[in-house]
Every structure is written in C-alpha cells, then in structure tokens.
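Since the structure comes first, as structure tokens, the remarks are kept for the end.
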Number of protein chains: 2
Amino acid sequence: MDNELSKYEKPSVTVDTVIFSIKENDLKVLLVKRSSSPFKDKWAIPGGFVKIDQSLEDAAKFKLEEKTGVKDVYLEQLYSFGSPKRDPRGRVITVTYFALINSDNVKLKGDDAKWFSITELPQVAFDHNTILDYALKRLKWKFEYTVVAFSLLPKKFTMTQVQDLYEIVFNQKFDKRNFRKKILSLNILEEQEVMRNVSFRPPQLYSLKANIGEIVNIL
Amino acid sequence: MDNELSKYEKPSVTVDTVIFSIKENDLKVLLVKRSSSPFKDKWAIPGGFVKIDQSLEDAAKFKLEEKTGVKDVYLEQLYSFGSPKRDPRGRVITVTYFALINSDNVKLKGDDAKWFSITELPQVAFDHNTILDYALKRLKWKFEYTVVAFSLLPKKFTMTQVQDLYEIVFNQKFDKRNFRKKILSLNILEEQEVMRNVSFRPPQLYSLKANIGEIVNIL
DNA sequence: ATACCTTATTGTTTTATAGACATGAAGTCA
DNA sequence: TGACTTCATGTCTATAAAACAATAAGGTAT
C-alpha cells in the first residue's frame with residue numbers, strides 16, 4: 001500500500017440501507033435484530049461493512065438481496081453519517097441508502113428480520129433513529145417530486161392503488177377526481193388492459209412509461 | 001481496537017468540498033493544483049483525509065477555512081463516492097460537500113488555489129468532474145427551492161443583486177417585475193435603509209429575515 | 001437650473017394551474 | 001332485475017404565473 005494512504009489511521013466504513021415497503025395498507029420499514037454487542041437484541045437498519053474492493057452501491061445491493069431476496073429495486077444513496085462517537089467500538093462511518101421494494105413476493109430470510117410500521121418503530125441501535133427520520137423525509141420528498149412511488153407498486157396497477165399509496169405515505173386523503181386528473185396530466189402512464197374477474201366495475205390498469213425523467217412534480 | 005472492526009481491511013476516507021462563489025458576474029468554483037502524484041499538476045476539488053476523531057463536517061470546515069480563511073459559510077453534504085478504482089493509490093472513499101461563500105473578502109492563501117468559471121473548467125483529477133457535475137445540479141436545485149442563494153450575497157443587498165445572481169446561476173433572464181413580486185411575496189426579506197451616494201435612483205436594501213425555514217419554492 | 005443619464009420601482013391583464021364538489025357507469029351476485 | 005361495490009368523470013371558482021411598458025429618483029454635465 002502506498003505511503004500517503006497509510007499515514008492516517010483509517011475509519012471503518014459500513015453501508016446501511018433503509019428498506020421501505022407497503023404491507024397491510026401501511027408503510028413499513030425492515031429492521032434486523034442485532035445478534036451481538038453492542039446493542040445486542042436491539043433492532044437496527046440492515047447493513048454491513050464495505051468490502052475493500054466493493055463499491056458502496058454494490059455493498060448496499062448485496063445486503064439487500066441477502067435480507068430480502070429481491071434484486072431489482074429502487075435504491076438511492078441517502079447521506080453519510082460520521083460522528084466520531086456514533087459507534088462505541090471505534091470510528092465507524094456509515095453511508096446510508098434507501099430502497100423501495102414491492103414486498104408482494106418477498107419472503108424474509110431468517111427470523112432476525114421484521115417489518116415495522118413507521119408509526120410503531122421500536123428503539124433502535126446506534127444513531128439509527130436519526131437515519132430513519134432522514135430516510136422518511138427523503139421518501140416523502142421523493143413522492144412529491146418524482147416518480148419513485150411506482151417502484152412500490154406491481155408493474156400493472158390501478159389508479160386507486162396509486163392514490164392509496166400516496167394517502168398512506170402522506171397520511172392524508174386526496175380528492176379522487178383531482179388526483180386522477182393530476183396524475184394523468186403528467187403523461188407518465190400507459191393504459192393497459194382492464195382488470196378481469198372483479199365483482200364490480202373493472203378498473204383500468206396502467207403501467208409506468210419507460211424512460212421517464214426522474215423529476216416531475218407529482219403533487 | 002475491537003475485534004470485529006479490525007476483521008475487515010479498511011478504506012481511506014477523504015472529504016472534498018466544492019466551493020462556489022460569485023466573482024466578476026460569474027459563477028465560480030475553487031480548485032487547487034495538486035502538488036504530488038497521482039494527477040500531479042492537475043486541478044482538483046480541495047479536500048483531505050478525515051482524521052480519526054474528526055466528524056465529516058468538521059473535516060470539511062477545516063479544509064475550507066484553510067483554503068479560504070472564511071468560517072461562517074453555507075455547507076452541505078453532497079454525496080459519497082466510493083468506486084473501488086477511483087484513486088490509483090488504493091481504496092479511497094470520498095464524502096463530498098458543497099459550500100457557498102461570499103468571496104468579497106476572501107484572499108486565497110497560496111497560489112495553488114484558483115477560481116474557475118463553471119463554464120471554463122480545466123481537466124480535473126480523479127472523478128472530480130463527476131463530483132462537479134453533481135454539485136452544480138444540486139446548486140441549481142437549491143436555488144430553485146430554498147433560500148441558500150442569499151449566502152452568496154452580502155448581508156444587505158438590492159433586489160437587482162438577487163436577480164443577477166439567479167440569472168447567472170440559471171443562465172437565463174427573468175422579468176424584473178415578476179421576479180421582484182415573487183421574491184417579495186415569499187416574505188423572507190426585511191427592508192433596510194436605501195443605498196446612498198449612487199449616481200442614479202438609490203435602490204432599496206434588503207436583508208434576509210432570521211429563522212427562515214429552508215425550503216420555500218423560490219421560482 | 002435644466003436637460004440628460006442611469007438604474008429602480010411599480011400595476012394590469014391574460015393564462016394556466018389547483019381546489020372544491022356529486023353523480024352515473026360497469027361489472028358480480030343473489 | 002335489483003342490490004351492491006368500486007370505478008370514472010366534468011364544471012366552476014380561486015389562486016398563481018406570465019406577459020407586458022411607463023414613471024421615479026437620484027447624480028452629472030452644461
């Protein structure tokens with residue numbers, strides 16, 4: 001190793017990923033129970049040390065797949081936390097990510113992982129409450145100004161599903177007619193077939209158009 | 001040092017700060033000339049290694065003051081870059097910041113530092129062009145939706161100065177009347193005295209009100 | 001003192017966007 | 001065929017954004 005790099009004592013670097021999903025009509029976040037000290041038996045954001053030849057995003061993806069089995073998800077870097085005292089074991093800088101997954105087909109691996117409603121979070125390890133707050137703010141922002149919400153839905157979805165999703169995240173009701181008008185006017189959706197075999201008026205299915213620029217001012 | 005932390009080979013961590021300012025009616029960024037390998041004599045974003053007991057933000061502030069002598073500036077974390085190959089010397093993760101300073105009273109220390117117009121950037125070291133692109137995007141976003149622009153102005157300023165600043169950053173002209181109306185309607189400014197000793201109609205001076213929430217949708 | 005030069009300040013009309021609001025339509029099932 | 005459930009839709013009003021040009025306040029030069 002080169003001289004200049006070894007001149008300084010190096011911090012450890014971890015990646016932690018806040019994984020959001022919708023389950024039971026509620027916004028959930030995935031936490032794992034710590035099996036060892038420090039904060040043994042406390043819940044924590046899933047993460048791990050960055051391998052020396054692994055990019056930050058790869059590290060996040062690796063942990064995400066390890067915990068949830070899903071690969072193609074929305075993943076975005078959040079923020080890096082590096083207060084010298086945040087880990088009692090020594091200097092640990094964490095680069096945080098947040099992920100949105102459609103949890104329909106997710107089977108959690110092991111019973112150390114659990115979905116928590118964001119309204120009923122347990123006590124968490126380290127400074128992970130700060131990270132969760134930050135992630136939630138970012139999530140709301142992203143819902144308001146970008147198209148990421150659709151990563152939480154199946155490929156084909158109804159307008160009602162979209163609206164339900166926004167109402168869950170913002171904890172607020174929207175007028176049906178205005179909501180539909182707004183979303184449709186953005187020109188980001190494609191009509192698909194209508195749903196079959198429902199015992200009421202069959203809803204129109206939509207899919208998100210490919211190649212939408214990210215920022216679109218949704219609400 | 002504890003066992004688990006020393007189990008993994010650690011990366012080096014640096015902090016790089018993209019420093020913006022307005023000079024000569026132009027948006028400028030501060031770069032420093034590298035004095036040693038790698039990329040010797042190439043220009044780079046000012047930065048340095050994070051000390052083992054120094055927070056990330058403190059590291060950024062320290063470098064910023066070292067280069068510019070200014071202390072109270074707008075400073076915000078940008079993004080962390082951690083591709084394993086970004087530094088030929090070994091694994092180096094960089095946490096980037098961006099800063100806005102009013103350069104009126106800044107005297108650069110040493111001649112290895114220089115202001116570059118963002119329209120005439122030189123070739124830069126490492127992946128610093130990616131970082132500069134990212135910083136510029138963030139800057140524009142911040143100008144559109146927050147009040148940070150005023151960090152580039154003196155404490156008391158005229159409406160024309162505000163408008164000039166926005167026109168420089170967005171490289172676009174705005175209608176005077178609509179611009180003033182918009183800014184004033186935000187209710188973020190306080191009238192100060194009018195300017196004296198100018199050979200034309202003396203402009204009203206304004207200052208930014210204290211305790212403005214950050215996000216206000218300026219444009 | 002007056003004409004002139006420079007920059008600052010202001011208001012109205014038009015257009016687009018957001019918000020409030022209630023009824024009929026399309027299926028299934030009994 | 002009537003009842004039930006969810007889906008789909010249109011108009012009016014209020015607010016915000018955009019387009020647009022004339023006058024005001026000083027200083028300077030003659």
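In what follows, chains are A, B, ... by sequence order, proteins preceding strands, each numbered from 1.
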Quick one: is A:R180 getting a side-chain N or O under 4.0 Å of the D:dA8 phosphate, OP1 or OP2?
yes
Between A:N178 and the options A:K176, A:K181, A:R180, the side chain to side chain donor-acceptor pair (under 3.5 Å) test singles out A:K181
Mind checking side-chain hydrogen bond (donor to acceptor under 3.5 Å, both in side chains) for B:K33 and listing every partner two or more places apart, or none if nothing turns up?
none
State which residues pass side-chain hydrogen bond (donor to acceptor under 3.5 Å, both in side chains) with B:T158; sequence neighbours excluded, sorted by chain then number.
none
Which donor-acceptor pairs under 3.5 Å do side chains of residues 187-197 of chain A form with protein atoms, sequence neighbours excluded?
unit_1: A:Q192; atom_1: NE2; unit_2: A:S207; atom_2: OG; d: 2.7
unit_1: A:E193; atom_1: OE1; unit_2: A:K156; atom_2: NZ; d: 3.3
unit_1: A:E193; atom_1: OE2; unit_2: A:K156; atom_2: NZ; d: 3.1

Does the plane of the ring in A:F174 sit parallel, tilted or perpendicular to the ring in A:F170? Use 30° and 60° as the thresholds.
perpendicular
Which part of the nucleic acid, if any, lies within contact of A:K182, taking any heavy atom under 4.0 Å across all strands shown: a base, the sugar-phosphate backbone alone, or nothing?
sugar-phosphate
Give me, pair by pair, the N or O atoms of the protein and of nucleotides 24-28 of chain C that are less than 3.5 Å apart, along with how far apart they are.
unit_1: C:dG24; atom_1: N2; unit_2: A:R201; atom_2: NH1; d: 3.3
unit_1: C:dA25; atom_1: N3; unit_2: A:R201; atom_2: NH1; d: 3.4
unit_1: C:dA26; atom_1: N3; unit_2: A:R201; atom_2: N; d: 3.1
unit_1: C:dG27; atom_1: N2; unit_2: A:S199; atom_2: O; d: 3.1

From CG of A:L219 over to P of C:dG19, roughly how many Å is that when rounded to an integer?
9 Å
Minimum-distance nucleotide (side-chain atoms of A:P203 versus D:dA8, C:dG11, C:dT10)
D:dA8
Round to a whole Å and report the spacing from CD of A:E191 to C1' of D:dC7.
13 Å
Can you name the residues that form a side-chain hydrogen bond (donor to acceptor under 3.5 Å, both in side chains) with B:D133, not counting sequence neighbours?
none
State plainly whether the residues B:K140 and B:E144 are in salt-bridge range, i.e. N to O under 4.0 Å.
no
Atom pair distance, as rounded to whole Å: CD1 in A:I183 and C1' in D:dA8:
16 Å
The correct set of residues in residues 158-175 of chain A placing a heavy atom under 4.0 Å from DNA chain D is A:T160
If I take atom CZ in residue A:F179 and atom P in nucleotide D:dA8, what distance separates them, rounded to the nearest angstrom?
13 Å
Angle between ring planes, A:F150 versus A:F157, binned at 30° and 60°: parallel, tilted or perpendicular?
tilted
Is the shortest side-chain N/O distance from B:R177 to OP1 or OP2 of D:dC20 below 4.0 Å?
no
Decide yes or no, distance alone: a donor-acceptor N/O pair under 3.5 angstrom between the base of C:dT23 and the side-chain of A:K176.
no
Just how far, in rounded Å, is P of D:dT6 from CZ of A:F157?
21 Å
Could you check whether any side-chain N or O of A:Q77 sits under 3.5 Å from a backbone N or O of B:S80, counting only pairs where one atom can act as donor and the other as acceptor?
yes
To the nearest angstrom, how far is A:Y206 atom OH from D:dC7 atom P?
11 Å
Which whole-number value in Å describes the distance from B:N217 CG to D:dA17 C1'?
13 Å
